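Everything below concerns the one structure shown next.
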Amino acid sequence: MKLTTTQLLKKRTLLFVSMMVVCSSFAAACSSPAPSPGPASAPAAAGKEEPKAPAKPTEIKVMADYTIAQPPSPDNQVQKEFEKRTNTKLTVTWVPGGDYADRVNVALAAGDIADLIKIPNITTPLFRQMVKQGAFWDLTPYIKNYPNLMAIDPKIWNNTKIDGKSFAVPAGRPLNGGGFFSIRKDWLDKLGLKMPTNLDELYTVLKAFKDNAPDGKKDTTGFTMRGGSGVFEEVFTGTVGKWKEKDGKLVNMTLEPEMKEALIYVSKLYKEGLIPQDFPVLKENQYWELATSGRAGLTSETPEALFRYTMDQWKKDPKVEWTPMLSLAPKAGGKAYVPQATGFNGVLAIPKTVPEDKMKAILKFVDYGSGGEGLDLTLYGIKDVHYSIVDGQKIANDKAVADSVGTASWGKMFSTPVLDLWQYAAGMPKEVYQRNMKLAEEKAKISTPDPAIGLVSDTELKMGADYTKKIADMKTQTIIGKISLDDWDKYVDSLKKDPNYTKITEEINAEYKNRLAQK
């Protein structure tokens with residue numbers, strides 16, 4: 001039975017639950033820790049079996065990313081609780097999210113691989129190469145023994161398979177309601193503007209934002225450019241990423257006219273000062289500084305992170321109203337677009353250097369943190385330590401902040417596909433949460449998936465990074481006017497004639513055909 005937003009709100013008791021400024025947190029109430037071992041037993045009576053000594057804790061080295069100000073410390077109570085409940089001894093190497101992909105490649109190349117390592121994407125070239133060399137466990141025969149892992153959507157498992165097998169556990173996430181454009185609705189209201197439904201209307205809104213500076217800032221722009229030109233490109237091309245299904249085949253939209261239209265649009269925004277003039281070199285905190293200082297009225301983020309980042313701005317001025325947008329069409333009458341997520345945030349792999357018994361213990365650890373009381377611990381921490389329950393609702397405290405509880409830390413090494421993961425943040429008013437849930441439900445009806453999730457081309461694994469870098473550079477130069485549109489056209493023509501680049505499309509389509517045949 002499908003729950004209404006109100007029923008879900010009551011059932012999951014998700015109001016006022018996650019960390020302030022630290023991370024998002026969603027799930028059901030946390031149960032009590034496992035009981036401690038009792039006092040030492042007396043010597044066994046004659047004829048009775050001697051009680052077994054407690055099993056020695058499994059030592060697990062973990063490498064995972066974090067996306068908050070500070071990672072959990074080795075002695076924080078959440079880690080200790082995980083160790084107690086799962087009979088493990090954890091040594092976690094936390095790496096900042098922005099540096100994580102590079103650090104993983106260094107670790108893989110050096111052979112310095114943790115017992116449980118988070119891989120940023122199932123298509124990570126070096127990881128796939130090492131899988132084919134037999135460096136990681138094929139988990140396919142074992143997963144059926146772990147109920148929380150089996151509960152992950154089969155579509156997500158399929159999207160993370162290599163040659164039809166599961167060499168990693170997906171860090172599951174919801175498919176819908178994630179990152180997209182968000183806008184200052186109070187600015188729209190102040191200027192008498194309607195919510196834009198297509199990119200032409202959005203241009204009008206951004207220009208009004210800059211020209212009228214609703215927060216009174218002289219250097220007001222329109223869009224922060226968080227997500228770069230890619231967020232506009234996907235609206236124009238109507239797909240997530242560069243591949244789009246047409247007549248049963250995948251087409252590389254980088255080479256299509258819609259991409260050029262996107263570059264023309266973003267170039268116009270740049271020339272008119274509707275996006276930051278230094279956008280190619282902006283860092284993460286600078287996007288948010290633009291948004292929260294009242295100098296930009298459009299950004300791109302998940303609803304929960306949007307609220308976390310802008311909560312202080314809202315508290316200082318309750319009239320500030322950031323609102324997630326439902327969708328955008330490329331032009332009036334065009335198809336509304338909102339992206340569907342991949343369903344996972346990286347994958348968790350176990351190297352073959354780990355013995356089979358220990359591999360099973362690691363899977364048990366991952367399974368524990370991916371459901372039930374383990375997921376509660378992942379997202380909320382410990383009851384009466386990190387949160388309390390008031391009127392049936394969880395209220396996080398400063399200890400939760402200090403111990404970095406939530407999906408931006410512990411949740412990185414577990415599957416957390418709870419329905420409203422991206423819709424709630426600490427301190428969010430009930431009406432905002434309900435609005436976000438309603439929008440998520442509407443987005444799910446029209447969202448567009450990436451048809452090429454998990455598909456790989458051997459040629460792209462070897463040469464794709466160079467192509468990606470060059471294409472991104474050409475896009476940026478086109479937007480800022482360093483090269484002309486004719487130069488872009490010539491570059492696209494060169495890619496169409498490049499045998500290696502053409503081979504990537506052929507190989508991706510061969511993989512796509514095989515996937516369709518397996519359904």
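Residues: numbered from 1 along the sequence shown. In this text, all values refer to a predicted model and were calculated from it rather than measured experimentally.
- Atom NZ of Lys249 has 12 or fewer heavy atoms from other residues, nucleotides or ligands within 6.0 Å.
- Counting heavy-atom neighbours within 6.0 Å of Lys358 NZ, excluding the residue itself, gives a total above 12.
- Evaluation of the salt bridge (Lys or Arg N to Asp or Glu O under 4.0 Å) rule for Glu284 yields Arg226 as partners, not counting sequence neighbours.
- Judged purely by atom type and a 3.5 angstrom limit, Ser370 has no side-chain atom pairing as donor or acceptor with the backbone of Phe414.
- None of Lys244, Lys246, Lys242 except one satisfies the side-chain contact (heavy atoms from CB on, under 4.5 Å) rule with Glu256; the exception is Lys246.
- Just one residue in the list Asn509, Asn514, Ile508, Ile122 forms a side-chain contact (heavy atoms from CB on, under 4.5 Å) with Leu455, and that residue is Ile508.
- One side chain, Thr224 or Thr299, offers a donor N or O that lies under 3.5 Å from an acceptor on the other.
- Panel note: side chain Thr459, backbone Asn500; no donor-acceptor pair is recorded below 3.5 Å.
- Rounded to the nearest 0.5 angstrom, Ile382 CD1 and Tyr387 OH are separated by 9.5 Å.
- Qualifying ring pair (Phe, Tyr, Trp, His ring centres under 6.0 Å) partners for Tyr467, counting only residues two or more places apart in sequence or in other chains: Tyr501.
- Using cut-offs of 30° and 60° for the angle between ring planes, the Phe82 and Trp410 rings count as tilted.
- Remark: Phe344 pairs with no residue by the ring pair (Phe, Tyr, Trp, His ring centres under 6.0 Å) rule, at least two apart or across chains.
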For Met63 and Val104, run side chain to side chain contact (heavy atoms under 4.5 Å, CB included): C-alpha distance rounded to whole Å, both residues' side-chain angles, the deciding distance at 0.1 Å, then the answer.
-> CA-CA 9 Å; Met63 181 174 173; Val104 167; 4.2 Å; yes

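- Among pairs with a residue in residues 88-107, those fulfilling side chain to side chain donor-acceptor pair (under 3.5 Å) read Thr86-Thr88, at least two apart in sequence or across chains.
- Remark: Lys61 NZ is loosely packed, at most 12 non-hydrogen atoms of other residues, nucleotides or ligands lying under 6.0 Å away.
- Ring geometry for Phe127 versus Phe136: interplanar angle over 60°, hence perpendicular rather than tilted (30 to 60°).
- Annotation: side chain to side chain donor-acceptor pair (under 3.5 Å) contacts of Glu233 (sequence neighbours excluded): Ser229, Lys475.
- A distance-only check finds no donor-acceptor pair linking the side chain of Gln79 to the backbone of Asn76 [under 3.5 Å].
- Atom CG of Asn148 and atom CG of Leu363 lie 12.0 Å apart (nearest 0.5 Å).
- Residues satisfying the side chain to side chain donor-acceptor pair (under 3.5 Å) test with Thr123, not counting sequence neighbours, are Asn121.
- Between the side chain of Thr58 and the backbone N or O of Ala361 there is no donor-acceptor pair closer than 3.5 Å.
- Note: Ile453 CD1 to Lys155 NZ = 6.5 Å, rounded to the nearest 0.5 Å.
- Residues Phe180 and Tyr337 share a closest heavy-atom pair of CZ-O, 3.4 Å.
- Residues Leu282 and Pro276 are in side-chain contact: their nearest non-hydrogen atoms beyond the backbone lie under 4.5 Å apart.
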